[in-house]
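A short worksheet on the structure shown next.
Residue numbers start from 1 in every chain, and the chains themselves are labelled A, B, ... in the order their sequence lines are given, proteins ahead of strands.
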2 protein chains.
Amino acid sequence: MTTAPIPRRAEPDVRRQSLIAACARVLAREGAAGTSVRVIAREAGVSPGLITHYFTGIEALIAATYADVDQTVRAAMEVAVAAAGTDPRARLDAFVTASFAPPIADRALLATWIAFWSLVSARADIARQHDDQYAAYRARLTEMLDACGVAPDRLRLASITLAAVVDGLWLELCLSPGCFSAQEAGVIARAQIDSLMPPPK
Amino acid sequence: MTTAPIPRRAEPDVRRQSLIAACARVLAREGAAGTSVRVIAREAGVSPGLITHYFTGIEALIAATYADVDQTVRAAMEVAVAAAGTDPRARLDAFVTASFAPPIADRALLATWIAFWSLVSARADIARQHDDQYAAYRARLTEMLDACGVAPDRLRLASITLAAVVDGLWLELCLSPGCFSAQEAGVIARAQIDSLMPPPK
DNA sequence: TTTATTGTTGTACGATCGTGCAATAACATG
DNA sequence: CATGTTATTGCACGATCGTACAACAATAAA
């Protein structure tokens, strides 16, 4: 978890990434209320001024952190899907199962998500970023449901349904880990997929 | 939405409630980042010191606001259920349908929810309050599923499933209102209930 | 080695934060 | 009207906030 010490003078991309990682760590540890420029800078081992140098402000840093987390999640998902082989149903199962396992079901990730959500209501550009990322997520689900033979006129509601189930389970799994297990969440989500499948002929 | 002007000296319960309402309004308008003691006080038309007089701190006020919102939601739910008559399935349908209509599906409510969630990771007492309130919510769902004849050994997963679907739909409906409609959410949730029902004999 | 470039530091600024506390004002009781 | 109670105010305090900017330091080019 601890990052390797970064040389005093780092390449912009490396430093940028280290600031994003530090922001995610602070959000997870302190919560959104305790996340400030100075705390993040200390966490990253740099001076506070450097954050202003790389980002317009702290909200831009949170937005960038959210985008980064989103990309991490997406990559982990695709790895799980690729490992499941070529059967469309097996790939869809792997997709939802991965949603409840590390590194996706993680308190640190949730903290970033929540901090980002808290900006959606007040800032239009953040709201659009959320719309875009969520649309891409549902589009991916739609693709996989289509490959499983779900009828085209049912695709829209089916993807919304599956996204809602997975999100609801993921959220509660992170917020109240003692309530039910990741295994149970997987069972529920796969049963949900069953009920969305076209009837066998 | 605007509250009637409160007499300079109010009964403690009335004043307390007006501070909670002001906190909810500020959370909805400014987001969690812009919610401070002074802003809430100005919104409520009182001096900043009064908030310290009624609450231990701003986090206690947010926790109280969350508890109040939870109670409002619960009351609205029960009204909808009672209006649905005595048929268990009709009552359950009314329960989930009400989740996607005002005053439950509301941006102001969501803002309070998110602000509260952002405190869960960092504060143990807040985490327990969340656990308790969510357990009560699922217990109510379990009751209604039981009344519909769901087998006892399926009750646990069934209630978790339905709670996840409703939560996921509610969350996305509030965050991205343009993505799908409340009517569509209702259709999805009722279809979910269908698939949880015991097979007709 | 000298020069140019630029990542990085450190600090200072004004604003706002949450909180504590004495003073004030409204109401109940006599 | 006088008196006690308490809701409420208004301000001051120290801390922390986000940001700006001049100085510094590390690297590449000449």
Side-chain angles (χ1 to χ4, degrees), chain A residues 3-24 26-27 29-66 115-116 118-119 122-123 125-126, chain B residues 3-24 26-27 29-66 115-116 118-119 122-123 125-126:
Chain A
T3 51
I6 291 180
R8 283 183 57 83
R9 188 189 179 101
E11 296 228 349
D13 289 343
V14 174
R15 179 53 36 105
R16 207 182 139 85
Q17 194 62 31
S18 83
L19 293 178
I20 286 175
C23 177
V26 171
L27 280 172
R29 177 170 15 100
E30 316 272 355
T35 300
S36 68
V37 168
R38 290 165 216 264
V39 175
I40 295 172
R42 195 187 318 138
E43 174 75 24
V46 299
S47 77
L50 198 57
I51 290 182
T52 306
H53 184 257
Y54 278 99
F55 298 92
T56 331
I58 191 172
E59 296 189 345
L61 173 53
I62 289 180
T65 303
Y66 180 74
F116 185 80
S118 74
L119 301 176
R123 294 194 34 174
D125 55 333
I126 299 282
Chain B
T3 52
I6 292 182
R8 281 183 58 82
R9 188 188 179 101
E11 295 227 351
D13 289 343
V14 174
R15 176 68 48 167
R16 209 182 138 84
Q17 195 61 33
S18 83
L19 293 178
I20 287 175
C23 177
V26 171
L27 279 172
R29 177 168 17 99
E30 315 273 355
T35 299
S36 68
V37 168
R38 290 165 215 266
V39 175
I40 296 172
R42 197 186 317 137
E43 174 75 25
V46 299
S47 77
L50 199 57
I51 289 183
T52 306
H53 184 257
Y54 278 99
F55 299 93
T56 331
I58 192 173
E59 296 189 345
L61 174 52
I62 289 179
T65 303
Y66 179 74
F116 185 79
S118 74
L119 301 176
R123 295 194 33 176
D125 55 332
I126 299 283

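Distance CG (L50(B)) to P (dG20(C)): 15 Å, rounded to an integer number of Å. The distance between atom CD1 of I51(B) and atom P of dC17(C), rounded to the nearest whole Å, is 11 Å. When rounded to the nearest whole Å, the span between CD of E59(A) and C1' of dT19(D) equals 14 Å. Taking atom CZ on R38(B) and atom P on dT8(D), their separation rounds to 19 Å, with Å as the unit. Taking atom CD1 of I40(B) as the reference point, atom P of dT19(C) lies 11 Å away to the nearest angstrom. Here the P atom of nucleotide dG7(C) and the CZ atom of R16(A) are 13 Å apart, to the nearest Å. Rounded to whole angstrom, the span from the CD atom of E30(B) across to the C1' atom of dC17(C) amounts to 15 Å. Look at CZ on R42(B): it is 13 Å from C1' on dC17(C), rounded to the nearest Å.
Residue Y54(B) places none of its side-chain N or O atoms closer than 4.0 Å to OP1 or OP2 of dA7(D). Using a 4.0 Å cut-off, some side-chain N or O of S36(B) falls inside it from OP1 or OP2 of dC17(C). For dG7(C), the OP1/OP2 oxygens have no side-chain nitrogen or oxygen of R15(A) closer than 4.0 Å.
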Please lay out, stage by stage, how R15(B) and V46(B) fare under the test side-chain contact (heavy atoms from CB on, under 4.5 Å). CA-CA 10 Å; R15(B) 176 68 48 167; V46(B) 299; 2.6 Å; yes
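Nearest-nucleotide positions on DNA chain D for P12(B) and G49(A) put P12(B) closer to the 5' end. Residue whose closest nucleotide on DNA chain C sits further toward the 5' end, between T52(B) and H53(A): H53(A).
Nucleic acid contact for G57(B): sugar-phosphate only, since backbone atoms but no base atoms lie under 4.0 Å from a heavy atom of the residue. Within 4.0 Å (heavy atoms only), I58(B) reaches sugar-phosphate atoms of the nucleic acid but no base atom.
Among the nucleotides dC17(C), dT9(D), dT9(C), the one closest to the side chain of S47(A) is dT9(C).
Taken to the nearest 0.5 Å, the CD atom of Q17(B) stands 5.0 Å off from the CD1 atom of I20(B).
Of all the heavy atoms in V39(A) and G34(A), the pair that sits closest is CG2-O, 4.0 Å. Considering every non-hydrogen atom in both T65(A) and C23(A), the closest pair reads OG1-SG, 3.4 Å. Minimum interatomic distance between S18(A) and A44(A) (heavy atoms only, all atoms of both residues): O-CB, 4.4 Å.
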